[in-house]
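In each ligand, atom 1 is the first atom listed, and ligand 1 is the first ligand listed.
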Amino acid sequence: MTAKEAFLLEMYELDIIKFGRFTLKSGIESPFYIDLRGLASNPTLLKTLSQHLLELLPDGDAQLICGVPYAALPIATVMSITSGIPLVIKRKENKGYGTQKMVEGVYEAGQGCLLVEDVVTSGKSLLETIDELERAGIVIQAILVVIDREQGGKKWLRAKGYNIHALFGITEAVAVFNRYGKLDKAAAESVLRFVRHSHATSAQAEKRPCLADRTRTAHHPVMKKLVETALEKETNLICAADLTTADAVFALVGQVGDHICALKLHADIVEDFSLEWMQELRALAAQKKFLLFADRKLADIGHTAGLQFSGGVHQIATWAELITAHVVAGAGSIQAIKSQATDRQTAVVPILQMSTVDTLTDSDYLKKALNVIHQHGDSIVAIVAQGAAIPPRFLKFTPGVHSAAQGDGSGQGYHSSRHAILNHGADFIIVGRGIYRSENPKSAAISYQKKGWEALKEV
Ligand code: S5P
């Protein structure tokens, strides 16, 4: 075990890094929480940390050192004592009287400074401190951060020209905790997924139309029907009925049908699938008012995708109002559906960004996939995505929602419905095992319905 790893494990034991479900100052729900303020009361650990941070810049010749208040203040103080570099203190707020100086201590304009911070997230609060120091004539020589939450802040500051270093990235920390048995696989996956999908801010930044507005602006009859259904039943819940017998699907619909706006099916996992059964299900859907959604994830060349959509055992085109498709092969699947859904009875739901922890749908893929989606927007009503920003004309469907679990141990990652809606910008949530595996699927569906609808009203 390296000294750095031992230090990390000590921080874990002291609850300085915690895992679970936490709501951050920004309102974002995070699967981990870091609070280094407790370190101030642990002189030994503080000394070790200061040494590690100073080692990040072995040949630094800084003339000043400054900690972002408050958590990094004691860290910077110990670094100053250890290294002999004089400390300056940045005020959190202006005194409102006297010199109104924001930086206290003895310094001269033009001097180089090491800026110390405990955690970097977006980088915005660090930039505030940088601004104050620069206004006082101090030159930021390097920024030393204990932990990078890997949510873009470090990259952003580096792009602005700052020389920023982190002692640990959260990915590295998770790997260490996992290696030493402190974190189980599901919790580790949840953190990694959170990090990967932290496009949340950009998704939030774009104001999306509310459902009521969409009844007027809907560009596809299926979108209009879905939105009207959701508004009438007051639910943005899509239930993923991943059950393997026709009877089991029926039984589930009996319990949850009144609380959902769509039922998502993998028809190919239903052992006794038949078109007669599907007719009965369609009748039930009409009676209970929900849409039928085939999660076929077409991904082949257009010709094959067309056959998979209209033919074979499942004849999806005869019953599905919504169907998922990947755009990995280009626009083929979308075009195939479009050309066969001549009455616009079936709308396409492309998969943009998957909920799995090791998904390949990275930012590069997102850009290219969105290009394809843009070109065929008239047949698309919704996009399956996590935090990625999507064009406002489409609805966002977000799977990977569970009120209790963080992951399923097989790659699926979960968030709460609130997080999916408020942080990822979901219009509709897709819930499978959170409902059908619960002791009482009906009350679980009611709970997801209520929470989802309430969160949507807060957007
Ligand atoms: O990225 C995705 C896309 C989809 S459509 N992640 C997903 O989990 N899904 C589907 O949503 C998946 O095929 C399953 O039917 C459902 C999630 O089920 P749960 O049991 O994990 O809630």
Within-4.5 Å side-chain heavy-atom neighbours: Ser355 and Gln412: yes
NZ (Lys450) with more than 12 external heavy atoms under 6.0 Å: no
Note, Val174 side chain near Phe19 side chain (heavy atom, < 4.5 Å): yes
Within 45° cone of Tyr414 ring axis and under 6.0 Å: Arg193 NZ or CZ: no
Partner residues of Asp148 under the salt bridge (Lys or Arg N to Asp or Glu O under 4.0 Å) criterion, sequence neighbours left out: none
Considering only N or O atoms, set out every pair between ligand 1 and the protein closer than 3.5 Å, with distances to one decimal place.
unit_1	atom_1	unit_2	atom_2	d
ligand 1	1 (O)	Ser355	N	2.8
ligand 1	1 (O)	Ser355	OG	3.4
ligand 1	6 (N)	Ser355	OG	2.7
ligand 1	8 (O)	Gln412	NE2	2.8
ligand 1	13 (O)	His266	NE2	3.0
ligand 1	13 (O)	Lys297	NZ	3.4
ligand 1	15 (O)	Asp242	OD1	3.3
ligand 1	15 (O)	Asp242	OD2	2.6
ligand 1	15 (O)	Lys264	NZ	2.7
ligand 1	15 (O)	His266	NE2	3.1
ligand 1	20 (O)	Arg433	N	2.7
ligand 1	20 (O)	Arg433	NE	2.8
ligand 1	21 (O)	Gln412	NE2	2.9
ligand 1	21 (O)	Tyr414	OH	2.7
ligand 1	21 (O)	Arg433	NH2	2.9
ligand 1	22 (O)	Gly432	N	2.9

Min side-chain heavy-atom separation Leu243-Tyr436 under 4.5 Å: yes
